[in-house]
Enquirer: 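Okay, here's the structure, questions in a sec.
FYI, side chains are in, hydrogens and waters are out, and symmetry mates aren't considered; it's all heavy atoms of this structure. Just so it is clear: chains get the letters A, B, ... in the order the sequence lines come, proteins before strands, and each one is counted from 1.
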Amino acid sequence: MNMSRFAPGEIEPKWQSAWEKAGTFTATRDETRPKYYVLEMFPYPSGNLHMGHVRNYTMGDVVARYKASQGFSVLHPMGWDAFGLPAENAAMERKVHPGDWTYANIDNMKAQFRSLGLSLDWSREFATCDPEYYGQQQAMFIDFMEKGLVYRKNAVVNWDPVDMTVLANEQVEDGKGWRSGAPVERRELTQWFFKISDFSEELLDALDGLDNWPDKVKLMQRNWIGKSRGLQFAFSTVDAPDGFDRIEVYTTRPDTLMGASFVGISPDHPLAKALERDSAEIAAFNAECRKMGTSEEEMEKAEKKGVDTGLTVRHPFDTGWELPVYIANFILMDYGTGAIFGCPAHDQRDLDFARKYDLPVTDTFVALENGAPVENTAFTPPKTEKVRWLRSFAWDETATGEEAIAAAIRFCEENGVGHGVTKFRLRDWGLSRQRYWGCPIPVIHCDDCGVVPEKKENLPVELPKDVSFDKPGNPLDRHPTWRDCACPACGKPAQRETDTMDTFVDSSWYYARFTSPGAATPTNAADAEYWMNVDQYIGGVEHAILHLLYSRFFARAMQICGHLPQKAVEPFDALFTQGMVTHEIYVTRDERDRPVYHLPEHIEWTESGARLGATGEAVEVIPSAKMSKSKKNVVDPVNIVQAYGADTARWFVLSDSPPERDVEWTAAGAEAAFKHLSRVWRIATDIAGAEGPGTGDDDLLRAMHKAIHDVTMGIESFGFNTSVAKLYAFTNTLQKSKAGADARREAMRTLAQLMSPMTPHLAEEIWALLGGEGLVAAAPWPQADPAMLVEDTVIMPIQINGKRRAEISVPKDMSKEEVEKLALAHDAVIRALNGGAPKKLIVVPGRIINVVI
RNA sequence: GCGGGCGUGAUGGAAUGGUAGACAUAUCAGACUUAAAAUCUGAAGGGGUUCGCCCCGUGUGGGUUCGAGUCCCACCGCCCGCACCA
């Protein structure tokens, strides 16, 4: 047997079964130990692990293993976000049942997960499409109904008039249905909503307490919730249809009321709808607006257009002043009152609109100095900046926007023109989906009793298995018998709701279910009390708003219904958002110059550049982008694990790039990671055979303690790439060390331990080779001895006018005065001073000296 | 369009406001080898040099500071989110 060969294919399965046999990663409620709950956002079971998963779950694994070695009782579970559109697409394309497809994918991915050697407690695994899981979700839905957190109202959806089905935003391409190609229409349906808006203020305020969340995520959530203070008032109309003698508007800039030049209403505004009955032009405009998709992005990007209704309104301060009323495509019915007044001088969108329709532009304020009237750029200084007012109606000639807004609201309230109100941008959460592969909404429609929740003992309301996907639309709607049921209230024949829930509902409480995955209620109080909150949550920044905000809402709603303790209303104590894994893209062109993408493994590198291995055709290399199947810039982790082992894949995704940033996968990098691990193994086998004393034991042990300190700091601060760099450096030191066998053994064992969260299989192998006790996965984390970390002398750079010119080596605790004296005596300083005296001398003890001349 | 983020050698990146480029990749040189691979040792931001050193350099342009990759302002480029993708 060749002892020096690093053979991940042999050692990895061996240690994986050793951990399993020992139950190393089974989470147990142990009241005598502190707990630590590590959670990575669970995956959608697409069928194949990709490198992004490897990175995400490796990071969580480093934390989980590290915390376990620190004596925490660790919960590190895994499950599947298993409902959603792709399964229905597969059903349509391949005639497989979404459930069969999903569970087959889960089996596949689970096997791939296992090969990575993650410290997961698989006994807690569940999929959100398991009836046991979604049945508990239905029970909670009913609880939420009882607490008034659920209601129905009309909302618009993307409607495909050919397929007669509702489309998701991603299924709309250029305003057309992705399958039918038909122009999409906006259509109103009665839908179910969660009252997340009841919690707007609370969700906003509580962000301040999330100290271990990235500021950027908190800022994004703050802006999303969008608290604003403004004035709500009504314009009285002139010659408007019956019932529309007033138009309510909301504005955050009432101070610009004297610069108003038009009133704009949403195409979905009741007045707009009333007017289209008598005007072909308005009807056509509204119809065109309704052809746009429902996404806010699409509306905002569209050219700003409007149509003059012919109506006018009177200015509240001057009844002789009439403003035209436009229907405009950029006004959202969902925000404020669906109507605004436009002040072109101080809003770019309004200005563009005014120029287009030749409406007046009236400055209400100008800059304090050089205040020029607005031409083609609206004047929108920060609200905290003092400006000169031309048309103040209740405040000084110079005042800030903030001061003016407050004064304007006060003035309007005193004069009976509206009142100050606080509004939020956050809308209620529409959870209805007209689809099969989701959690059925557990309510029943009865002719006599109306909408009635299903009885809890009848849960779960299971999806029928016998459905067909040969036609578009919701199979639940056309199922011959599934809808039929008895009314839970009166017992008469009634019909089930056929809407299912948004998959965000599934992922809004899975973290709580992991604390007691088999419980007969959504959670178990003792388990939730012990394990909550999630101490470290890890996932992509793409979830910064929706998933995380919905989860925060759900935790509150669950607490109200008794499913979570009060302490868990903020379920994630710490959040880390990791970057993506990217790769170069390889393209050739077909005969019609369309791009043809190629997998990295089909590319060969020659001196003249990249070529297609099979044909030798030259390949264009496009800089890195997120790995995606359509661009074929993917590297299959299965291949990497087969070729190099899981430890290499893990080591690579942790190296080089900081975790929060994207990492580029390169073949050379993977090769290098493998080489390094091989080297570590070789050094370990050398050391295992070493005997006798040597020189420099103390230096090696000092380097070891430095490594313990640095690597630990790296893990604690999510700087895994710097931990890896320190491990490289320590490996170099150890390899060159001439220290005695005992010291080198100790250093090597410590190196294995420090690597164990990242490359656990190799670490176990080395640990066993060098006589470590038990599993390294169960060994306590090494402690750095502070006495071994202090240096006796420090090197201090000398700067002259801020530029480094020399350095001196001084004892660590030398006084400032003595350092100054030494610095001034230095050749370079004497030369620079040229006989003169320094203007200033700055000494930062232990750091730097700066001589200002 | 709106909100958020990022930008450092050939490449990935390091750097509590204090020596810019740690560590690694690719490259080059040397050792070992019949040879190659593997391994080991070493060099290396760009430019200049009288070989003492000097100048320039962290997307661009300004600013604060004894000192800025780091803080502030503006701009450019790329990435993420925008409520039915997950």
Enquirer: Using the P atoms only, state how far B/C53 lies from B/U58, rounded to an integer number of Å.
Expert: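 The same atom, P, in both gives a distance of 24 Å.
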
Enquirer: Want to settle it: does A/R427 or A/K840 sit nearer the 5' end of RNA chain B, counting the closest nucleotide to each?
Expert: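 Looking at RNA chain B, the more 5' nearest nucleotide goes with A/K840.
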
Enquirer: So what does A/S432 touch, heavy atoms closer than 4.0 Å: a base, only the sugar-phosphate, or nothing?
Expert: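 Base: the residue A/S432, judged by heavy atoms under 4.0 Å, touches a nucleobase.
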
Enquirer: Does B/G9 count as syn, meaning its glycosidic angle lies within 90° of 0, or as anti?
Expert: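 Nucleotide B/G9 adopts syn.
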
Enquirer: Which nucleotide in the list B/A86, B/G18, B/G5 gets nearest to the side chain of A/L219?
Expert: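 In terms of side-chain proximity for A/L219, the closest of B/A86, B/G18, B/G5 is B/G5.
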
Enquirer: Find the partner of B/U58: check Watson-Crick (N1-N3 plus N6-O4 or O6-N4) and G-U wobble (N1-O2, O6-N3) distances, both under 3.5 Å, and reply none if neither fits.
Expert: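 Matched B/U58 with nothing under the 3.5 Å cut-off.
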
Enquirer: Does B/C54 have OP1 or OP2 sitting under 4.0 Å from an N or O in the side chain of A/R804?
Expert: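 Answer is no, no contact under 4.0 Å.
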
Enquirer: In terms of relative ring orientation, are A/H547 and A/Y510 parallel, tilted or perpendicular, with 30° and 60° separating the classes?
Expert: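 If you compare the ring of A/H547 with that of A/Y510, the planes turn out tilted.
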
Enquirer: What distance separates A/C439 SG from A/D499 CG, expressed to the nearest 0.5 Å?
Expert: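 One finds 12.0 Å between SG of A/C439 and CG of A/D499.
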
Enquirer: Check every atom of B/A86, B/U25, B/C40 against the side chain of A/L546 and return the nucleotide holding the closest atom.
Expert: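 Looking only at heavy atoms from C-beta outward on A/L546, the closest nucleotide is B/A86.
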
Enquirer: Any base atoms under 4.0 Å from A/I842, or only sugar-phosphate, or nothing? Heavy atoms, all strands.
Expert: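 The residue A/I842 makes base contact.
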
Enquirer: Among side-chain atoms of A/S180 and A/D163, is any donor-acceptor pair under 3.5 angstrom?
Expert: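 Checked: A/S180/A/D163 side chains show no N/O donor-acceptor pair below 3.5 Å.
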
Enquirer: Using a distance-only criterion (donor-acceptor N/O pair, under 3.5 Å, no hydrogens), is the base of B/C82 paired with the side chain of A/E296?
Expert: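 For A/E296, whose side chain was compared with the base of B/C82, there is no donor-acceptor pair (under 3.5 Å).
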
Enquirer: Taking the side chain as every heavy atom from C-beta outward, state whether A/Q578 and A/M59 have any pair of such atoms under 4.5 Å apart.
Expert: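 With C-beta onward as the side chain, the pair touches.
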
Enquirer: Using ring centroids (six-membered ring only for Trp), state whether A/Y133 and A/W509 fall under 6.0 Å.
Expert: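 Yes, the ring centres sit under 6.0 Å apart.
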
Enquirer: Cation-pi check for A/W159 against A/R186: NZ or CZ below 6.0 Å from the six-membered ring centre and within 45 degrees of the axis, yes or no?
Expert: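 No cation-pi geometry.
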
Enquirer: By nearest atom, which of the nucleotides B/U25, B/A24, B/A83 is closest to the A/A668 side chain?
Expert: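 Given the options B/U25, B/A24, B/A83, the side chain of A/A668 is closest to B/U25.
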
Enquirer: Does B/A26 pair with anything, Watson-Crick or G-U wobble, both distances under 3.5 Å, and if so, with which nucleotide?
Expert: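 Per the H-bond distance test, none.
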
Enquirer: Once you apply a heavy-atom cut-off of 4.0 Å, does A/V852 come out as touching a base, just sugar-phosphate, or nothing?
Expert: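 Sugar-phosphate, backbone atoms only, no base.
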
Enquirer: Quick one: label A/N801 by what it contacts on the DNA or RNA (base, sugar-phosphate, nothing), any heavy atom closer than 4.0 Å.
Expert: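 Touches nothing.
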
Enquirer: Provide the distance between the two C1' atoms, one in B/A83 and one in B/A15, to the nearest whole Å.
Expert: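 About 40 Å, rounded to a whole number of Å.
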
Enquirer: Need one value for A/L841: base, sugar-phosphate or nothing, where a base atom within 4.0 Å counts as base even if backbone is also close, heavy atoms only.
Expert: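 The answer is nothing, as A/L841 stays clear of every strand by at least 4.0 Å.
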
Enquirer: Of the listed nucleotides (B/C23, B/U39, B/C55), which one gets closest to any side-chain atom of A/N732?
Expert: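 Selected nucleotide (nearest to the side chain): B/C23.
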
Enquirer: Determine the contact category for A/N850: base if any of its heavy atoms lies under 4.0 Å from a base atom, sugar-phosphate if only primed atoms, P, OP1 or OP2 are that close, otherwise nothing.
Expert: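 Contact class for A/N850: base.
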
Enquirer: Is A/G84 touching bases, backbone alone, or none of the nucleic acid, heavy atoms closer than 4.0 Å?
Expert: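 If one applies the 4.0 Å heavy-atom cut-off, A/G84 turns out to touch the sugar-phosphate alone, with no base involved.
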
Enquirer: With C1' as the reference atom in both, quote the distance from B/A26 to B/A74 in angstrom, rounded to an integer.
Expert: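 About 38 Å, rounded to a whole number of Å.
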
Enquirer: With a 4.0 Å limit, can you tell me whether A/R349 has a side-chain N or O closer than that to the phosphate oxygens OP1/OP2 of B/C2?
Expert: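 For A/R349, the contact criterion (side-chain N or O under 4.0 Å from OP1 or OP2 of B/C2) is not met.
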
Enquirer: Run the side-chain contact (heavy atoms from CB on, under 4.5 Å) test on A/V724 and A/N721 for me, step by step, so that the C-alpha distance in whole Å, both residues' side-chain angles and the decisive distance to 0.1 Å come before the verdict.
Expert: CA-CA 5 Å; A/V724 167; A/N721 57 322; 5.6 Å; no

Enquirer: Checking base pairs now: Watson-Crick or wobble, both atom distances under 3.5 Å. What partners B/C6?
Expert: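 By the stated definition (distances under 3.5 Å), B/G77 pairs with B/C6.
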
Enquirer: Can you give one letter per nucleotide of nucleotides 6-12 of chain B, going 5' to 3': B for a protein heavy atom under 4.0 Å from the base, S for sugar-phosphate only, - for none?
Expert: -S----B

Enquirer: Taking the side chain of A/N223 as its heavy atoms from C-beta onward, which of B/G4, B/A26, B/G18 lies nearest to it?
Expert: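 Given the options B/G4, B/A26, B/G18, the side chain of A/N223 is closest to B/G4.
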
Enquirer: What nucleotide among B/G1, B/C54, B/U39 has an atom nearest to a side-chain atom of A/K301?
Expert: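 Among the listed nucleotides, the one closest to the side chain of A/K301 is B/G1.
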
Enquirer: Can you tell me which nucleotide in B/C80, B/G4, B/U19 comes closest to the side chain of A/E542?
Expert: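 Selected nucleotide: B/C80.
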
Enquirer: Counting the atoms with a prime plus P, OP1 and OP2 as sugar-phosphate, which does A/Q191 contact under 4.0 Å by heavy atoms, base, sugar-phosphate, or nothing?
Expert: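 The answer is base, as A/Q191 lies within the cut-off (heavy atoms under 4.0 Å) of a base atom.
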
Enquirer: For a ring pair (Phe, Tyr, Trp, His ring centres under 6.0 Å) with A/F199, tell me which candidate from A/F194, A/F424, A/W429, A/F553 qualifies.
Expert: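 That would be A/F553.
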
Enquirer: Please test A/V844 against A/I848 for side-chain contact (heavy atoms from CB on, under 4.5 Å), starting from the C-alpha separation and ending with a verdict.
Expert: CA-CA 5 Å; A/V844 183; A/I848 206 162; 4.0 Å; yes

Enquirer: Of all the nucleotides listed (B/G67, B/A83, B/G5), which has the minimum atom distance to the side chain of A/W224?
Expert: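 It is B/A83.
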
Enquirer: Would you measure the distance from the C1' atom in B/G62 across to the matching atom in B/G9 and give it in whole Å?
Expert: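 It works out to 26 Å between them.
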
Enquirer: Under 4.0 Å, counting only non-hydrogen atoms across every strand here, what does A/R425 touch: a base, just sugar-phosphate, or nothing?
Expert: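 Result for A/R425 = base.
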
Enquirer: Heavy atoms under 4.0 Å, any strand shown: does A/F330 hit a base, just sugar-phosphate, or nothing?
Expert: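 Nothing: the residue A/F330, judged by heavy atoms under 4.0 Å, touches no strand.
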
Enquirer: With a non-hydrogen cut-off below 4.0 angstrom, is A/P658 in contact with a base, only sugar-phosphate, or nothing?
Expert: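 Touches sugar-phosphate only.
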
Enquirer: Considering only atom P, compute the distance from B/U41 to B/C32 and round it to an integer number of Å.
Expert: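 Their P atoms lie roughly 15 Å apart.
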
Enquirer: Return the value, rounded to whole Å, for the distance between atom CD of A/Q799 and atom P of B/U65.
Expert: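 Taking CD of A/Q799 and P of B/U65, I get 17 Å after rounding.
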
Enquirer: Checking all strands, does A/V157 fall into the base, sugar-phosphate, or nothing category for heavy-atom contacts under 4.0 angstrom?
Expert: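 Base contact.
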
Enquirer: Which sits closer to the 5' end of RNA chain B, A/K803 or A/E300, going by the nucleotide each is nearest to?
Expert: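 Counting from the 5' end, the first nearest nucleotide belongs to A/E300.
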
Enquirer: For a quick check of understanding: with a heavy-atom distance under 4.0 Å over all strands, which category does A/G430 fall into, base, sugar-phosphate or nothing?
Expert: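 The residue A/G430 makes sugar-phosphate contact but no base contact.
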
Enquirer: Between B/A20, B/C54, B/C85, which one does the side chain of A/N169 approach most closely?
Expert: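 Nearest nucleotide to the side chain: B/C85.
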
Enquirer: Are any of A/Q735's side-chain N or O atoms less than 4.0 Å away from OP1 or OP2 of B/C40?
Expert: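 Answer is yes, contact under 4.0 Å.
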
Enquirer: Using the ring-ring contact (aromatic ring centres under 6.0 Å, His included) criterion, which residues pair with A/F730? Sequence neighbours excluded.
Expert: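 Not a single residue meets the ring-ring contact (aromatic ring centres under 6.0 Å, His included) criterion with A/F730.
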
Enquirer: Please evaluate the base of B/U16 for a donor-acceptor partner in the side chain of A/R847 within a cut-off of under 3.5 Å?
Expert: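 Per atom types, the contact qualifies.
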
Enquirer: By the 4.0 Å heavy-atom rule, please label A/K304 as base, sugar-phosphate, or nothing.
Expert: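 Here A/K304 touches no strand at all.
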
Enquirer: If pairing requires Watson-Crick or G-U wobble contacts with both distances under 3.5 Å, which nucleotide is the partner of B/G1?
Expert: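 The base-pairing partner of B/G1, which may sit in any strand shown, is B/C82.
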
Enquirer: Please report the distance separating the C1' of B/C79 from the corresponding atom of B/C28, rounded so that it comes out in whole Å.
Expert: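 Looking at atom C1' only, B/C79 and B/C28 are 36 Å apart.
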
Enquirer: Quote, to the nearest angstrom, the C1' distance that separates B/U64 from B/U49.
Expert: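 After rounding to an integer number of Å, I get 36 Å for this pair.
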
Enquirer: For the ring pair A/F6 and A/F674, is the centre-to-centre distance below 6.0 Å?
Expert: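 That pair passes the under 6.0 Å test.
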
Enquirer: Could you tell me if the ring centre of A/Y134 sits under 6.0 Å from that of A/F83?
Expert: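 Ring centroids of A/Y134 and A/F83 are less than 6.0 Å from each other.
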
Enquirer: Picking from B/G13, B/A86, B/C23, which would you name as closest to the side chain of A/D81?
Expert: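 Ranking B/G13, B/A86, B/C23 by closest atom to the A/D81 side chain puts B/A86 first.
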
